[in-house]
Amino acid sequence: MSPSRTAPALSVRTTGAEEHRAFVAAIAEHGGSASFLQTPAWARVKPDWHAESIAWQDPTGRVVGVALVLYRQLPKVRRYLAYLPEGPVLSWGEAAGADGLERWLAPLAAHVRAAGAFGVRIGPPVVTRRWSAAAVKEGIADEAVDSLTDLAPSSEHADGLAVVRQLEELGWRRQGAEGGFAAGQPQYNFQVPLADEAGIPLAEDEVLRRMNQLWRRNIKKAAKLGVEVTSVAGSATPPPELDEALAAFHALYVHTAERDHFTPRPLSYFRTMVEALGAEDPDRIRLYLAHHEGDLVAATIWIRVGSHAWYSYGASSTEKREVRGSNAVQWQMVRDALAAGARVYDLRGITDTLTADDDHVGLIQFKVGTGGEAVEHVGEWDLPLNKALYAAFDLYMRRRA
């Protein structure tokens, strides 16, 4: 697809963190959002990648889009994969309209090629399909259903379908893995709407009413048993209470990793995260701790950019599960997201697999109880810029997997 002859040409240039932040903030002021993975602060959280902020501008010099680009070096070669996790940040509906994506993506490819990239990977934050909690629940119970894709979606989104079609036409390659988890960010997430279709915020009681009976009962039980949830905001210069909260969170997180058989991140990773994101915005990131009679029973990390709030990391104790600390801390994060003006509470990744014997189904069932919806995004896409080096990289990643 070629750009419209009447469409103004766009160019991409390196920009500074201040201009990058200002663009993201302007989107937030108008009720929008950008992924926290596309904020300048995220570069500090990923020190193994070389980071660059870039901006799209029109012929008048007006900035019309931004992105955080992370460059990962190919082993033994000074060439890079340019990665834009859940980005770039632009008006995707307009970009995929009559003028087409090529006028946006061609200058991006040229810019990163000049920086030494052999390929570029993007993750457009654009929704293609949604499934209601009721539909997902029925799918899990139906032995004939193996995947979300076997179910009729509750809604389809023209913008997302247009982005997919144009990426295919422009030679981009869809990335993915069995079950919907790619090497980068998940294609399927579970989200709780905090506003109606007209964008009007929901009342707490309405959000609670949409949860299933078990979730409502567990939230009520936690309160009755005296579970107390506290939070502390991230900061560039962490006060003692934040350091204490981080240490407590990480100890429980390591305990959770041992129980659930995954490799935990070091405490230093989370310290950098709360310092970097907290420095960018005083209400960008919070730690939540749920205690019962002095015992830490659950801990989480909450992140917000504009109208979008995320449940980013979580941990829970094997003991005292009956006090329902995980439900209590989730409910507090939802309430705080509403109070902060968020319109979406995002519980992050799920797989598309709905077979009862799949290890991931328990996580899906927990999230389905919130009464939200399963959301399919466009996913991650690669454009090889040097076919030989990209093929070598692809082989390297397959062997690692």
Tell me, please, which residues at least two apart from [X] pass side-chain hydrogen bond (donor to acceptor under 3.5 Å, both in side chains).
X	result
R78	none
E373	R130
D159	none
D58	T60, R62

Please give me the minimum heavy-atom distance between [X] and [Y], naming the atom from each residue.
X	Y	answer
L68	A51	CD1-CB, 4.2 Å
L296	A298	CD1-O, 3.4 Å
P85	L70	CG-CD1, 4.1 Å
M211	T370	CG-O, 3.3 Å
A41	A276	CB-O, 3.5 Å
A67	L84	CB-CD2, 3.7 Å

Applying salt bridge (charged side-chain N to carboxylate O under 4.0 Å, His left out), can you list everything that pairs with [X], at least two apart in sequence or on another chain?
X	answer
K320	E293, D295
R284	E280, D281
R304	D283
R216	none

| message | Within the 4.5 Å heavy-atom criterion, are K221 and L225 side-chain neighbours or not? | response |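 In contact.
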
| said: Between L161 and V163, is there a side-chain heavy-atom distance shorter than 4.5 Å? | reply: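 V163 does not reach L161 side chain to side chain.
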
| said: Tell me which one of V227, I219, L214 satisfies side-chain contact (heavy atoms from CB on, under 4.5 Å) with N327. | reply: I219

| request: Would you mind telling me which of L277, I303, D336, V232 makes a side-chain contact (heavy atoms from CB on, under 4.5 Å) with R286? | output: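 The single option meeting the side-chain contact (heavy atoms from CB on, under 4.5 Å) with R286 is D336.
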
Is a donor from one side chain sitting under 3.5 angstrom from an acceptor on the other, for [X] and [Y]?
X	Y	answer
T353	H360	no
Y83	E380	yes
R13	Q57	yes
H111	E52	yes

Between the side chain of [X] and the main-chain N/O of [Y], is any donor-acceptor distance below 3.5 Å?
X	Y	value
N189	V375	no
S35	E86	no
S154	S132	yes
S235	T237	yes
W92	V89	no
Q73	V77	yes
H20	Q38	yes
D142	E138	no

| task | I would like to know whether L347 and Q330 meet side-chain contact (heavy atoms from CB on, under 4.5 Å); could you show each step before the answer? | result | CA-CA 9 Å; L347 289 107; Q330 289 289 342; 3.9 Å; yes

Approximate separation, where rounding is to 0.5 Å, of [X] [atom1] and [Y] [atom2]:
X	Y	atom1	atom2	value
T300	L287	OG1	CG	7.5 Å
D150	L148	CG	CG	8.5 Å
L108	I54	CG	CD1	5.0 Å

| request: Please assess W56 against W104 for the test side-chain contact (heavy atoms from CB on, under 4.5 Å), listing each intermediate value before the final yes or no. | output: CA-CA 8 Å; W56 279 257; W104 295 82; 3.7 Å; yes

| query | Taking the six-membered ring for Trp, are F118 and F393 ring centroids under 6.0 Å apart? | reply | yes

| Checking salt bridge (charged side-chain N to carboxylate O under 4.0 Å, His left out) for the pair R209/E206: CA distance, chi angles, key distance, verdict? | CA-CA 5 Å; R209 186 192 66 79; E206 175 61 18; 2.7 Å; yes

| message | Is it the case that over 12 heavy atoms from other parts of the model lie below 6.0 angstrom from the NZ atom of K46? | response | yes

| More than 12 heavy atoms from other groups under 6.0 Å of CD on E322 | yes

| task | Determine, stepwise, if the pair V164 / L167 fulfils side-chain contact (heavy atoms from CB on, under 4.5 Å). | result | CA-CA 5 Å; V164 170; L167 287 172; 5.8 Å; no

| field | Candidate list E376, H377, E156, test side chain to side chain donor-acceptor pair (under 3.5 Å), partner T128, passing option | value |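 When side chain to side chain donor-acceptor pair (under 3.5 Å) is applied between T128 and each of E376, H377, E156, only E376 qualifies.
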
Hey, can you tell me if [X] and [Y] have their rings parallel, tilted or perpendicular (30° and 60° cut-offs)?
X	Y	result
Y269	W42	perpendicular
F249	Y253	parallel
Y313	F270	perpendicular
W310	H308	parallel

| query | Would L354 and V361 satisfy side-chain contact (heavy atoms from CB on, under 4.5 Å), going step by step from the backbone distance to the final call? | reply | CA-CA 6 Å; L354 298 182; V361 167; 5.6 Å; no

| query | Can you list every pair that meets ring pair (Phe, Tyr, Trp, His ring centres under 6.0 Å) and has a residue in residues 191-224, with sequence neighbours left out? | reply |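 Residue pairs with at least one partner in residues 191-224: W215-F366.
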
| message | Can you pull out every ring pair (Phe, Tyr, Trp, His ring centres under 6.0 Å) where at least one residue sits in residues 130-175? Sequence neighbours excluded, please. | response | none

| message | Going by the rule side-chain contact (heavy atoms from CB on, under 4.5 Å), which residues pair with A388 if we only count those two or more places apart in sequence or in a different chain? | response |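 For A388 the side-chain contact (heavy atoms from CB on, under 4.5 Å) partners, ignoring immediate neighbours, are N386.
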
| message | Strictly by salt bridge (charged side-chain N to carboxylate O under 4.0 Å, His left out), give each pair with a member in residues 239-262 just once, sequence neighbours left out. | response | D243-R271

| said: Can you tell whether the side chains of D382 and R173 come within less than 4.0 Å, N to carboxylate O? | reply: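 No, D382 and R173 are not salt-bridged.
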
| request: May I ask you to decide whether R165 forms a salt bridge with E168, counting only side-chain N to carboxylate O separations under 4.0 Å? | output: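 No salt bridge links R165 with E168.
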
